[in-house]
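Here the structure is laid out as structure tokens; the discussion comes afterwards.
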Amino acid sequence: MSKVMRLDKFLSEMGIASRKETKEYAKKGRIKVNDAIVKSSDYKIDTDKDIVTFDGRTIAYEQFEYYMLNKPAGVVSATVDNNDRTVIDLIDSERKKDLFPVGRLDKDTVGLLIITNDGELAHSLLSPVKHIDKKYFARVEGIITEEHIKRFKEGLKLKDGTLTKPAQLEIIKSGNDKSDNISEVEITICEGKYHQIKRMIACVGGKVIYLKRLSMGSLKLDENLREGEYRRLTEDEIKCLQNGNGEQ
Ligand code: URA
């Protein structure tokens, strides 16, 4: 979509220079629009038609931003909140006011959260008809055993009567007795009901004490990101997510 905007806004949104820096660089003749030096940073450009270069390098306009956040506990998956810090507060971007999280993780859940301003992609990733897989690691108070795998596979009837779609349960560690009643599991679900993992575990008599999202469709949480850290998605990661079902 074509946009008319000031040169300084354009360069700061593309992460090239702050508005103040753009003013200086423009004065020094380092910025050209369609091969002509532009000395004023409030010059208006059309993102579709004009070619902007900085030090000879062409700066392509990117309409959307895509981030992978390793969500920490204690922040809410919202754009604004009166009481708590939001996931958007963690992102440093010129387009902060347009960004939103793709879906929600509970306040105490950590792990993969996509942040973007691309409503179409978000809608397609969250669409119930697309069945995008979401994989979680959970530490559970309670003993989860092989028997539960079948129940998850068949779909569970939650305590309020809600039926879940088939889910995959992998046991990493099964608590075995009173002295060790902590189990660790990985659960893959293709829907996103409210508190779904916690309710599924409660349904088989356990209590989730730690929950982390590991992946969403083809996108895996980057292990180099510590909680609270984020990075931009790569071109390939974006393409895979756009590829219909989010699978590679
Ligand atoms: N299931 C939950 O119970 N909580 C989350 O945050 C995500 C999935």
Side-chain angles (χ1 to χ4, degrees), residues 1-71 77-81 86-104 112-127 130 132 216-220 222 225 229-248:
M1 202 181 32
S2 159
K3 255 190 185 174
V4 174
M5 64 166 87
R6 285 169 58 127
L7 194 53
D8 52 3
K9 184 169 191 308
F10 171 80
L11 287 177
S12 68
E13 284 197 358
M14 293 310 104
I16 302 299
S18 67
R19 292 177 193 225
K20 200 170 154 213
E21 286 166 342
T22 302
K23 203 169 181 174
E24 285 164 28
Y25 297 155
K27 269 193 204 147
K28 289 183 180 152
R30 294 173 68 181
I31 302 168
K32 284 185 184 171
V33 178
N34 305 324
D35 269 342
I37 290 178
V38 170
K39 293 222 161 181
S40 108
S41 60
D42 61 2
Y43 184 88
K44 295 257 177 26
I45 60 142
D46 181 321
T47 57
D48 242 10
K49 296 185 190 131
D50 293 324
I51 295 173
V52 180
T53 59
F54 173 62
D55 284 347
R57 187 177 128 217
T58 302
I59 311 301
Y61 179 64
E62 281 165 19
Q63 194 183 351
F64 298 120
E65 290 186 358
Y66 305 91
Y67 299 95
M68 164 192 300
L69 168 71
N70 185 355
K71 179 192 170 297
S77 302
T79 50
V80 279
D81 192 274
T86 73
V87 288
I88 303 301
D89 292 333
L90 302 175
I91 311 284
D92 182 18
S93 161
E94 279 288 324
R95 294 169 167 182
K96 216 164 160 148
K97 61 179 188 325
D98 300 331
L99 295 175
F100 57 86
V102 177
R104 282 168 188 273
L112 177 64
L113 190 63
I114 300 169
I115 311 273
T116 186
N117 55 347
D118 181 348
E120 200 178 317
L121 180 73
H123 184 261
S124 112
L125 288 173
L126 297 174
S127 161
K130 296 273 171 76
I132 302 289
M216 189 165 178
S218 58
L219 190 66
K220 292 191 174 58
D222 185 332
L225 292 177
E229 290 183 341
Y230 64 92
R231 67 157 169 82
R232 281 185 185 251
L233 293 188
T234 64
E235 288 289 312
D236 278 354
E237 287 169 337
I238 297 165
K239 276 203 195 101
C240 284
L241 290 175
Q242 286 167 336
N243 223 0
N245 63 3
E247 303 295 342
Q248 265 169 325

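Because the structure is a prediction, the values reported are computed rather than measured.
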### Query
Where is the tightest heavy-atom contact between Tyr230 and Asp92, given as atom of each residue plus distance?
OH-N, 2.9 Å
### Query
Can you find a pair of side-chain heavy atoms, one from Phe10 and one from Ile59, that are under 4.5 Å apart?
yes
### Query
Can you tell me if Thr234 and Asp236 form a side-chain donor-acceptor pair at under 3.5 Å?
no
#### Entry: Atom pair CD/CG of Glu229 and Asn70 - distance to nearest 0.5 Å
8.0 Å
## Note on the structure
Here the gap from Leu7 atom CG to Ser40 atom OG, rounded to the nearest 0.5 Å, amounts to 7.5 Å
### Message
Determine whether a donor-acceptor pair (N or O, by modelled atom type, separation under 3.5 Å) exists between the side chain of Asp81 and the backbone of Thr86.
### Response
no
### Task
Search all heavy atoms of Ser77 against all heavy atoms of Lys71 and return the closest pair with its distance.
OG-CE, 3.8 Å
Less than 3.5 Å apart, which donor and acceptor atoms pair up between the side chains of residues 24-33 and the rest of the protein, not counting sequence neighbours?
| residue | atom | partner | partner atom | Å |
| --- | --- | --- | --- | --- |
| Arg30 | NE | Asp55 | OD1 | 2.9 |
| Arg30 | NE | Asp55 | OD2 | 3.3 |
| Arg30 | NH2 | Asp55 | OD2 | 2.6 |

### Message
Are the side chains of Tyr66 and Val102 in contact, using a 4.5 Å heavy-atom criterion?
### Response
no
### Query
Asn117 side chain to Glu65 main-chain N or O, any donor-acceptor pair under 3.5 Å?
yes
### Query
In a check of side chain to side chain contact (heavy atoms under 4.5 Å, CB included) between Leu219 and each of Ile114, Ile238, Leu125, Ile132, which one passes?
Ile114
### Task
State whether the number of non-hydrogen atoms from other residues, nucleotides or ligands found under 6.0 Å of Ile51 atom CD1 is greater than 12.
no
### Summary
Heavy atoms of Asp50 and Asp46 approach each other most closely as OD2-N, 2.7 Å
### Query
Can a salt bridge be assigned to the pair Arg231 and Glu237 using a cut-off of 4.0 Å between side-chain N and carboxylate O?
yes
### Message
Taking side-chain contact (heavy atoms from CB on, under 4.5 Å) as the definition, give me every residue that meets it alongside Ser12, ordered by chain and number, with sequence neighbours left out.
### Response
Arg19, Glu94
### Task
Might you point out which heavy atoms bring Ser93 and Tyr67 nearest each other, and give the distance in Å?
CB-OH, 3.7 Å
### Thr116 and Asp118: CA distance, side-chain angles, deciding distance, side chain to side chain donor-acceptor pair (under 3.5 Å) verdict
CA-CA 5 Å; Thr116 186; Asp118 181 348; 5.1 Å; no
### Message
Does Lys20, at its NZ atom, have more than 12 non-hydrogen atoms belonging to other residues, nucleotides or ligands within less than 6.0 Å?
### Response
no
### Task
Search all heavy atoms of Met14 against all heavy atoms of Arg95 and return the closest pair with its distance.
CE-NH2, 3.1 Å
### Task
Mind checking the CG-CD spacing from Asp98 to Gln63? Nearest 0.5 Å is all I need.
10.0 Å
### Task
Kindly compute the distance separating CG (Asp8) from CD (Glu21), expressed to the nearest 0.5 Å.
11.5 Å
### Query
Is there a donor-acceptor pair under 3.5 Å between the side chain of Tyr61 and the backbone N or O of Lys3?
no
